[in-house]
Amino acid sequence: MLIKETLKDEAVGLTVKLKGWVYRKRVVGGKVFIVLRDSSGIIQCVIDRGNVDSKTWINAEKITRESSCIVEGVVRKEPRAPTGYEVHVFKLKIVGLSDWFPIRGGEGVDYLLDNRHLWLRSRKLQAIMKIKHAVLQAGREYFNKNGWWEVTPPIITGSACESGATQFEINYFGQKAYLSQSAQLYLESLIYVLDKVWSLTPSFRAEKSRTRRHLAEYWHLEAEAAWYGMEDMVKITEELVSYIVRKVLDERIEELEFLKRNVKFLENAKPPYPRIRYDDAIEILQKKGVDVKWGDDLGADEERILTQEFDKPFFITHFPRQIKAFYMKLDPEDPRFVLGFDLLAPEGYGEIVGGSVRENDYNTLLKRISEFGLNPEEYKWYLDLRKYGSVPHSGFGLGIERTVMWVAGLDHIRDAIPFPRFRERLRP
Ligand code: NSS
């Protein structure tokens, strides 16, 4: 039986057997109070010396925080208990007696990261992991319901997708290879077989600086479709994101409340999302006195300022070609720009999705590869796709942890993943 099943009036009077861990312990007179936790919740358990056999009483006195145990008792209503109900215990069995638990409350960020394998047990991280579960399920569901094929691109790659500066190089049987930054190039090959494809994979970025929104390893939800133009893909993006938000609101409201998340902006995240061009973004920033000029890339600070203008997610489109990747299609109406789009989450969060129309002309793509100083040899296979039945197409990538960070209202991306990877931190 799970704890949450005992937290209701119908359970009162029932004899239950619960398996879990000691979240808190208190001894008052002849009674031991344990707050027991499992994946579903917490409940107070009372062991009264006068009502239990000596073995259970010895166990109650001995048991420590984070010990695993099996409790048997009767459920009672108790308004003073943390979750309104408690178990009057008649039997307590210790399964794994815990050493003195090194996390007591009030520890600093680095200490908690060093003890991440234990800190995961906190109710905060538990709530976030449940929200992440809903985000992942929603992504799956959205694509499945709408006729997209799930595919499994490789993680070890021979051709970079995004900036060379953030590539993790690996030794592949004596050859240079990379950990994937994005499945995109492979998804592009797969649309020739399946029209509309998506994947969920880890992506790797050797980000040199430590920021609140960059991980070295993150989960990437990507989609790619033949025949789709800019407008089509922007639409899919807003449908997907609003579907994710809706599912989290429907299924994980308790966790959002536990995290004290103000859900006003989430409730508001229904399509259509506003669209501005890069040029408009620069103008807004300059009007607000930000020191940016046309052609600058928009960083976290600029994005945060832009988000103040919107009360829901919004798109920035049509970026200058030199600040975006080689594969983006040049705008036929003005080739200084690419047909690319970013989706920014409100409330200061900023970019959660990056997408574009892809260059589908062989010669233009070859030129762009050279323009970016990349080696056409590495991209021969990718260029082939423009030789054998080339097709207009587009796609995007959504950062799962960036999305969780926004939806759950976190101030740092590290808590959106159980074991965050940064430069200078590899264990646990
Ligand atoms: O670099 S992106 O903006 N775009 C791509 O990788 C495309 N090749 C995706 C595609 O079109 N299939 O990354 C996409 C998203 C971005 O919007 C973030 O939400 C997330 O991936 N992202 C990250 N999350 C966490 N940490 C890091 N370092 C990171 N980099 C990107």
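Numbering of ligands and ligand atoms starts at 1, following listing order. Heads up: numbering here begins at 1 and tracks the sequence. Since this is a predicted model, take the numbers as computed values, not measurements.
- Close contacts between ligand 1 and Val353 involve ligand atoms 17 (O) [criterion: under 4.0 Å to a heavy atom].
- Under 4.0 angstrom from ligand 1, the non-hydrogen atoms of Tyr218 all belong to its side chain.
- Of all heavy-atom pairs spanning Cys69 and Ile63, the tightest one is CB-CD1, 3.8 Å.
- Among the atoms of His214, none of the N or O lies under 3.5 angstrom from an N or O of ligand 1.
- The residue Arg421 has no part lying near ligand 1, judged by heavy-atom distances below 4.0 Å.
- A 4.5 Å side-chain heavy-atom check between Pro420 and Phe422 finds at least one atom pair inside the cut-off.
- Residue Leu215 has at least one N or O atom closer than 3.5 Å to an N or O atom of ligand 1.
- Between Arg386 and Glu188, at least one side-chain nitrogen of the basic residue sits less than 4.0 Å from a carboxylate oxygen of the acidic one, meeting the salt-bridge criterion.
- Ion pair Lys380/Glu377 not flagged as a salt bridge, since none of the NZ, NE, NH1 or NH2 atoms sits closer than 4.0 Å to an Asp/Glu carboxylate oxygen.
- We find that Lys324 and Asp342 are joined by a salt bridge, their nearest charged nitrogen and carboxylate oxygen being less than 4.0 Å apart.
- The closest protein non-hydrogen atom to atom 17 (O) of ligand 1 is Glu351 OE2, 2.6 Å.
- Residue Cys161 touches ligand 1 through its side chain alone, judged by heavy-atom distances below 4.0 Å.
- Looking at ligand 1, you'll find an N or O of Ile352 within less than 3.5 Å of one of its N or O atoms.
- The shortest N/O to N/O separation between Ser182 and ligand 1 falls below 3.5 Å.
- Cation-pi contact between Arg277 and Phe315: absent, since separation from the ring centre below 6.0 Å together with deviation from the ring axis within 45° is not met.
- Heavy atoms of Phe422 found under 4.0 angstrom from ligand 1: none, in either backbone or side chain.
- Looking only at distances, no side-chain donor or acceptor of Thr6 sits under 3.5 Å from a matching main-chain atom of Leu2.
- Looking from atom 15 (C) of ligand 1 to the surrounding protein, the closest heavy atom is Gly397 O, 3.6 Å.
- The two residues Gly355 and Met328 have their closest heavy-atom pair at O-CE, 4.1 Å.
- In terms of polar-atom proximity, Glu207 is counted as a contact of ligand 1, with an N or O under 3.5 Å from an N or O of the ligand.
- Protein heavy atom closest to atom 7 (C) of ligand 1, with residue, atom name and distance, is Glu162 OE2, 3.3 Å.
- With respect to the salt-bridge test (charged N to carboxylate O, under 4.0 angstrom), the residues Glu251 and Arg246 do not qualify.
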